[in-house]
Engineer: 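To start, I am sharing the structure in question, which I have written as structure tokens.
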Amino acid sequence: MNEETKTKTKKNAAKKTETPAKKRIVITFKAEPGSDVCIAGSFNDWDPKAKQLKDKIGDGIFTADENGDITLINNTALDIFGANQEVVGKDLVYLTSDKSLAEAVRGCVVSHNNAIFEIVHGGKIFLVKVKRLAKTNLTMAVFSDVTENRENAKQREEFFANASHELKTPLTAIKGFTELTAINNKDAGINKYIGSITRETDRMLLLIGDMLKISELESSQNLFRAEITPILLSDILNEVRDTMSTVMNEKSVTFKVSGDIRGVAVNAEQGHIYDVVKNLVENATRYNNRGGEVNAVVKCKKNTVRLIISDNGIGIPPEEHARIFERFYRVEKSRSGLSGGTGLGLSIVKHICALYGWGLSLTSKAGVGTEVTVTFNDS
Ligand code: ADP
């Protein structure tokens with residue numbers, strides 16, 4: 001062994017003893033629906049593999065300790081804020097003066113509150129998620145550049161809003177004139193056609209409303225604009241019961257609510273949670289038999305609340321399970337007439353669940369019934 005190799009070996013030995021014990025941190029982070037960032041393994045700033053990994057991720061990431069000092073930051077985050085590695089070990093103010101970010105990190109460090117919000121920095125829009133990392137004293141912030149998404153979404157939203165307005169106006173007029181004609185008409189044969197026109201215009205209005213909802217959900221801005229508050233599941237279930245009561249009575253379908261219902265709340269925008277529950281209860285009623293049953297059961301466990309909506313209706317054959325969440329997909333074409341639905345209900349449910357990171361699963365057996373479970377993770 002020559003002198004140079006000996007020195008290298010000594011240096012390496014010294015390095016080995018200096019290296020602190022690796023901490024195993026598993027980070028799973030949903031930056032935006034459909035773009036999960038997942039880092040798993042021994043994750044320390046001195047670990048070359050982790051360093052490579054954190055610097056290759058397109059999203060900006062930093063972690064802060066219990067004093068709010070930065071412990072780790074990747075190159076993307078440094079580029080976003082025009083900073084350098086010297087910010088490591090220092091307070092967040094050395095990185096940015098953004099008040100909402102400082103408040104969110106402080107809130108997570110002190111009270112373990114997770115937060116999702118947007119900031120505008122350097123002419124770009126960033127979706128920021130601040131989250132406490134399980135089993136560590138670290139708070140992590142992830143920055144996803146959503147500038148392009150937001151612009152595309154804005155254009156799409158404007159197009160849908162304009163198109164739906166243009167379609168709604170003549171349809172509402174047709175509906176009004178049809179109702180007037182029905183009042184003045186004595187001919188039973190003609191009244192039959194008028195009834196059909198009214199039903200079809202109502203269906204088109206429903207369809208336009210659902211298409212608008214999907215468009216808004218896809219732009220995903222809604223969640224960040226919306227007011228997310230704790231919503232009592234019992235209130236939502238009562239509201240849905242009231243809305244559905246006529247249809248349920250017509251079909252002699254009974255609706256039972258049970259489980260850990262008292263005082264159980266879910267953090268969401270009221271309209272979103274209502275749409276999820278309403279669409280599921282509506283399907284459980286629509287695709288049920290006369291005299292059938294619809295059950296809503298709430299189950300709580302730690303930070304997780306599960307809502308199970310089940311029915312003993314016509315069920316769905318196994319080969320169709322994967323496709324029924326697609327837009328306009330129906331098990332049988334003939335079912336569209338039977339249901340009076342828009343074919344968009346489950347797609348809306350899926351979009352809302354994705355937006356909040358809620359779990360959604362379905363089990364069903366043709367001729368036996370269907371059970372849909374929504375798992376509201378602590379959001
Ligand atoms: P629709 O407006 O047609 O009800 P959805 O998106 O809500 O649209 O549902 C898609 C399809 O899935 C329905 O057309 C129906 O064939 C099937 N489906 C949904 N829920 C149920 C259920 N509880 N029981 C049986 N079939 C169902």
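Quick caveat: nothing in here was measured; it's all calculated off a predicted structure. Residue numbers start at 1 and run along the sequence shown. Counting convention: from 1, in listed order, for ligands and their atoms alike.
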Engineer: Taking all non-hydrogen atoms of both residues, which atom of I273 and which atom of V266 are closest, and how far apart?
Structural biologist: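 Where I273 meets V266 most closely, the heavy atoms are CD1-CG1, 4.1 Å.
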
Engineer: So, regarding I316 and ligand 1 (criterion: nitrogen or oxygen to nitrogen or oxygen, under 3.5 Å), is there a contact or not?
Structural biologist: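 By distance alone, the answer is no.
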
Engineer: Going by the order shown, which atoms of ligand 1 are within less than 4.0 Å of some heavy atom of G343?
Structural biologist: 1 (P), 2 (O), 3 (O), 6 (O), 8 (O)

Engineer: With a cut-off of 4.0 Å, which atoms of ligand 1 are near a heavy atom of G345?
Structural biologist: 5 (P), 6 (O), 7 (O)

Engineer: Relative to the heavy atoms of Y329, which atoms of ligand 1 are at a distance of less than 4.0 Å?
Structural biologist: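 Going through ligand 1 atom by atom, the ones under 4.0 Å from Y329 are 10 (C), 11 (C).
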
Engineer: G315 near ligand 1, heavy-atom distance under 4.0 Å?
Structural biologist: yes

Engineer: Go through ligand 1 atom by atom and flag the ones less than 4.0 Å from a non-hydrogen atom of I324.
Structural biologist: 10 (C), 12 (O)

Engineer: Considering the heavy atoms of G341, write down every atom of ligand 1 situated less than 4.0 Å from one of them.
Structural biologist: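 Counting from 1, the qualifying ligand atoms are 2 (O).
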
Engineer: Considering only heavy atoms from C-beta outward, does the side chain of L101 approach that of F117 to under 4.5 Å?
Structural biologist: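 They are in side-chain contact.
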
Engineer: Suppose I only count heavy atoms of T342 and a 4.0 Å limit; which atoms of ligand 1 are within that range?
Structural biologist: 2 (O)

Engineer: With a cut-off of 3.5 Å and sequence neighbours excluded, list every side-chain donor-acceptor pair involving residues 313-321.
Structural biologist:
from: E320; atom 1: OE1; to: Y329; atom 2: OH; distance (Å): 2.4
from: H321; atom 1: NE2; to: I316; atom 2: O; distance (Å): 2.9
from: H321; atom 1: NE2; to: S364; atom 2: O; distance (Å): 3.4

Engineer: Write down the atom of T71, the atom of A64, and the distance for their closest heavy-atom approach.
Structural biologist: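 Reported closest heavy-atom pair: OG1-N, 4.0 Å.
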
Engineer: Just grab all the ring pair (Phe, Tyr, Trp, His ring centres under 6.0 Å) pairs involving residues 73-99, residues at least two apart or on different chains.
Structural biologist: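 Checked against ring pair (Phe, Tyr, Trp, His ring centres under 6.0 Å) - neighbours excluded - the pairs reaching residues 73-99 are F81-H121, F81-F143.
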
